[in-house]
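Quick notes on the structure that follows.
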Amino acid sequence: MLQVTIVNQAENRKWHNPGKHHVRSSEPKPSRAPTNQSGMRLSTLGSKHRSRNDVQFAVDFDLANVQPGATVLEIFSLKSEQENYRSPEFLEVEFKLTATACPPEHLISDGVLVARELAVLEVKVNKEVNEQLLKAKKNVVFTVQGSYEGTQTTTKDVDSFLFHCIKNWEPVLKVEVQSISPEAGTDSASLLALPLKLFPMGQEVKVDLPLKEGGALELNLRVIDCSQNLDVRLGYELCAEERDFLCQRKQVVAHALEKLFNLRRHLLEDEVPVIAVTATGGGVRAMTAMYGHLLALQKLNILDCVSYITAASGSTWTLTKLYQDTNWSHKNLEEPIQAVKEQMLKSKWDVISIERLKYYHKELVERAERGYLPSFTALWALVQEAFFHDGRNESKLSEQHAALNRGQNPLPIYAAINVKDKDISTFDFREWVEFNPYEVGFLKYGAYIRAEDFDSKFYMGKLMKRLPESRISYLEGIWTNIFTLNLLDSLYWSSTPDEFWERWVKDMEESEEKFTDNGGTSVYKPPDSGAGKLGEIFNDILTDRPLKGASHNFLRNFAMYKDYMQQKNFIQWRDTVFDASPNKLTPTEPSLCLMDIGYFVNNSALPLFSPQRDVDVIIALDYCLTEPFKQQEMLAEYCEVQGIPFPKVNPSEEDKKNPKECYVFSDDSNPKAPILVYFPLVNCSFKEFTAPGVRRTPSEMSGGEVDLGQHNSPYKTVNVAYSGANFDKLLNLSTYNVLCSKDKIIHALQCALQKKAKKLGQKLKHQFCLESNSDS
């Protein structure tokens, strides 16, 4: 228990928080870590003000400075250094920490996040008396401050409640009868405050709430322990499903490598390298070119050697389409490519028609009624769904399990970032979030939930309310919401579809230049839509909502472990201005603010750097039209700062000026660094060759004219539809660039095999030495 005594205080100030406060700690096993540093805030009000919202000044104190049994005197300055020089004003406070008789608290932690013990309060109201109160236009209000539910009120259909609260916070149930009419206020004669610690655990207790009219309302209360099992997985290891997948996938990869290199023996599991394909964003350009790249890898018999594929922004459209087929990588990709091409050639004019906008509005309203958080990103999700599908896309992320259950395809990973829902740049704060068919989680916190539980409601690691899994279109809306700002501006300023498309093109061109020049962004708030504008349709459901993907926070109310800053896995991802401030990190936020990674860096490779994935080769597909190498250079710099093994990306000035189809970067001095096989989006020898070694005839030369210039290219991100000829040119270019680089890819895989064999040999030699020493 912490005792706080104000030794002296300035006149005309009223301080909140002096007195006695319970501060819980425990002595659990090492794997059950204590909570983060406890902090206390003392806030001052003017002497004539009583509202806690009217804070004039506040001071924070870290209770880690107080040793049990000792008294600490702290002097807080209440003015700036300059003001104190003229008229000094200080606050002297004594802090004393003493032990309480409460039993140790059972905590669960991964060394970064801490889940505290929960209790559940069951409340049942006498139905007959409740009905009488409702007829008298009154209801009963129950409040447990700090609980997940907060405040709940009786209605005609609701007369029983649950409150989930942190057990050792000594929660208090407050009960009051109030008039349904706000003007009438609360019935002061019908108030109760019941500390939950007074109730015997597990036993039902009857309590009477006196009523002003006479008589009493009977309440049946019971406090029970909450299950210790968490619905959030804490830990930096791979989930069991992914480990099982890798075991099966390594058999597929081993067979593919044996065939590719004509090996005379079977590879051992530890000899099989982990190969990943990673793609940047780039709108429809990225989607189209990625089909070509994957088609080429399939033709080279290399696709079966790949264990992971990561995507971001526009390249996620490729993967979500392919993974609807549970055996896609073993089928000819030309068939799904033709289907995508046909969809691309269809007119997109009606996706912003009044009829469509009304449909989007209806969908968003129904979604909000089911409990999902409304956001502009959800609106964009519906618009982009209309772009790429003739109707609703009913696919879900968790359904991609079926494409992995035999290790028959690579594991897809979709990358996003979580940012602050405030005017804070993504360069100052962003956290990497990965989505895969098994889990959704934060790399930094080592916290994951099942993919089907994303968007459901959580509290202290417990699933409070399961919502139906969102269609994958809503996730695509998050992964590609770099387009959303332009969508909103165009809707809010346009009165007709024609005006919308004209403005969309103009705004997209301006935003492309903005991101190219500056990089980074902060959350954007659109203007109110005026009368007669297309965006007016959404004013009721999306009023004054910031630009973001609003999702329920599955990290809500986790505490931070006291030594989380020393946890090696946290250190790897510690890269924001708030990482040293536990009260400013994501567990304190009511919702997540998920965005396209293009708002920070256009690279989806980050999830591959989990040490447990131990990736040996990364085939990086870059779909940027400008500055080849830039995204890989930024990634290499990031890895160097974070201490993540990664080769240096050091192209020559000639390479930057006239880039070739493929580059290989490696770091022989660091065996943990993956080999990087890099493909920029360039039109080099394809101008003269239709296939490796096959020169174009004069009549075929036009097929090699692929305009990838920054200003007039038909493949600019602003363009969401291509002509058939332009689609074919980009597809053929990306396919060719991989096919003509076969030797470089094969050499990189061969080097990875040799590194694996060498590592295995060292491991076996070490084990042999240990066994020999033990025998002697």
Report task. Would you confirm whether Asn436, through its side chain, and Glu439, through its main-chain N or O, come within 3.5 Å as a donor-acceptor pair? Result -> yes

Note: Ala447 and Leu234 closest approach over all heavy atoms is CB-CD2, 4.0 Å

ask   = So, do Leu217 and Val140 sit near enough that their side-chain heavy atoms are less than 4.5 Å apart?
value = yes

#### Entry: Geometric cation-pi criterion, Lys584 with Phe578: 6.0 Å, 45°
no

Could you walk me through whether Asn139 and Leu134 satisfy the side chain to side chain contact (heavy atoms under 4.5 Å, CB included) test, starting with their C-alpha distance in whole Å, then the side-chain angles of each, then the deciding distance to 0.1 Å, before giving a yes or no?
CA-CA 6 Å; Asn139 54 19; Leu134 291 172; 4.0 Å; yes

Lys420 and Glu589, any side-chain heavy atoms less than 4.5 Å apart: yes

When you compare the side chain of Lys174 with that of Val144, does any pair of heavy atoms fall below 4.5 Å?
no

- Trace of the side chain to side chain contact (heavy atoms under 4.5 Å, CB included) decision for Tyr414 with Leu397: CA-CA 10 Å; Tyr414 308 90; Leu397 178 60; 3.7 Å; yes

Take atom CD of Gln145 as the centre, draw a 6.0 Å sphere, and report whether it contains more than 12 heavy atoms from other residues, nucleotides or ligands. no

**Prompt:** Can you find a heavy atom in the side chain of Ile108 that is under 4.5 Å from one in the side chain of Phe558?
**Reply:** no

Contacts satisfying ring-ring contact (aromatic ring centres under 6.0 Å, His included) that involve residues 113-159 (not counting sequence neighbours) are Phe142-Phe161, Tyr148-Tyr459

Practice item. Apply salt bridge (Lys or Arg N to Asp or Glu O under 4.0 Å) to the pair Glu452 and Lys396, showing each step before the final yes or no. Key: CA-CA 8 Å; Glu452 51 265 45; Lys396 297 180 175 64; over 6 Å; no

Note to self: Using the rule given for side chain to side chain contact (heavy atoms under 4.5 Å, CB included), can you reason through Glu218 versus Val129, listing the C-alpha separation, both sets of side-chain angles and the distance that settles it, and then say yes or no?
What the structure shows: CA-CA 8 Å; Glu218 182 181 286; Val129 180; over 6 Å; no

| task | Using modelled atom types only, decide if a donor and an acceptor are shared between the side chain of Arg574 and the backbone of Lys568 within a distance under 3.5 Å. | result | no

Interatomic distance, NZ@Lys444 vs CH2@Trp432, rounded to 0.5 Å, equals 12.0 Å

*Specify whether Phe427 and Phe600 have parallel, tilted or perpendicular ring planes, treating 30° as the upper limit for parallel and 60° as the lower limit for perpendicular.*
perpendicular

Taking C-beta and beyond as the side chain, do Val141 and Val175 meet within less than 4.5 Å on heavy atoms? no

- Task: Compute the centroid of each ring, for Tyr445 and then for Tyr236, and state whether the two points are separated by less than 6.0 Å.
- Result: no

Original post:
Can you list the steps and then say if Val177 with Leu209 is a side chain to side chain contact (heavy atoms under 4.5 Å, CB included)?
Top reply: CA-CA 9 Å; Val177 176; Leu209 173 66; 3.7 Å; yes

Heavy-atom closest pair (Leu238 atom, Ser610 atom, distance to 0.1 Å) is CD2-OG, 4.5 Å

Next item on the list: Keeping the roles fixed (side chain from Asn553, backbone from Ser591), state whether a donor-acceptor pair exists under 3.5 Å.
Entry: no

ask   = Is there a donor-acceptor contact under 3.5 Å linking the side chains of Asn418 and Thr586?
value = yes

Side chains of Glu469 and Ser398: any donor to acceptor distance under 3.5 Å? yes

Closest heavy-atom pair, Val223 versus Ala119, reported as atoms and distance to 0.1 Å, is CG1-CB, 4.2 Å

- Do side-chain atoms of Ser109 reach the backbone of Gly111 as a donor and acceptor pair under 3.5 angstrom? yes

Task: Any donor-acceptor N/O pair, Asp453 side chain to Ile449 backbone, under 3.5 Å - done: no

Here the pair of heavy atoms bringing Ser551 nearest to Ile478 is OG-CD1, 4.1 Å

Would a distance-only check, ignoring hydrogens and angles, find a side-chain to backbone donor-acceptor pair under 3.5 Å from Thr588 to Leu585? yes

Value for CZ (Arg471) from CZ (Arg367), rounded to nearest 0.5 Å, stands at 8.0 Å

One should read off an interatomic distance between Ile75 CD1 and Glu92 CD, to the nearest 0.5 angstrom, of 4.5 Å

Between Leu594 and Asn481, the two heavy atoms sitting closest are O-ND2, 3.4 Å

Contacts of Glu74 meeting side-chain contact (heavy atoms from CB on, under 4.5 Å) (sequence neighbours excluded), chain-then-number -> Phe61, Val72, Phe76, Phe95

* Do Arg430 and Asp575 sit within salt-bridge range, that is, some charged N less than 4.0 Å from a carboxylate O? -> yes

d(Leu467 CG, Arg370 CZ) to nearest 0.5 Å is 9.0 Å

Practice prompt. Check whether any side-chain heavy atom of Val440 sits under 4.5 Å from a side-chain heavy atom of Tyr448, and report yes or no.
Written response: no

So the side-chain hydrogen bond (donor to acceptor under 3.5 Å, both in side chains) pairs with at least one residue in residues 126-136 (sequence neighbours excluded) are Asn130-Thr154

Partner of Cys165 under side-chain contact (heavy atoms from CB on, under 4.5 Å), picked from Val172, Leu118, Leu196, Leu173, is Leu196

**Asked** Got a donor-acceptor contact below 3.5 angstrom from the Glu149 side chain to the His164 backbone?
**Response** yes

In terms of heavy-atom contacts, His552 and Ser456 come closest through CB-O, 3.2 Å

Do Glu431 and Thr576 pair up side chain to side chain, a donor and an acceptor below 3.5 Å, judged on atom types alone?
no

ask   = Is the closest side-chain heavy-atom distance between Leu443 and Glu434 below 4.5 Å?
value = yes

The reported gap from CE in Met560 to CZ in Phe570 (rounded to nearest 0.5 angstrom) is 5.0 Å

Worksheet entry | Sub-4.5 Å side-chain heavy-atom contact between Ser470 and Tyr372 | yes

Checking Phe435, Trp380, Tyr599, Tyr474 against Trp479 for ring-ring contact (aromatic ring centres under 6.0 Å, His included), the one that qualifies is Phe435

SG (Cys226) and NZ (Lys167) are apart, to the nearest 0.5 Å, by 10.5 Å

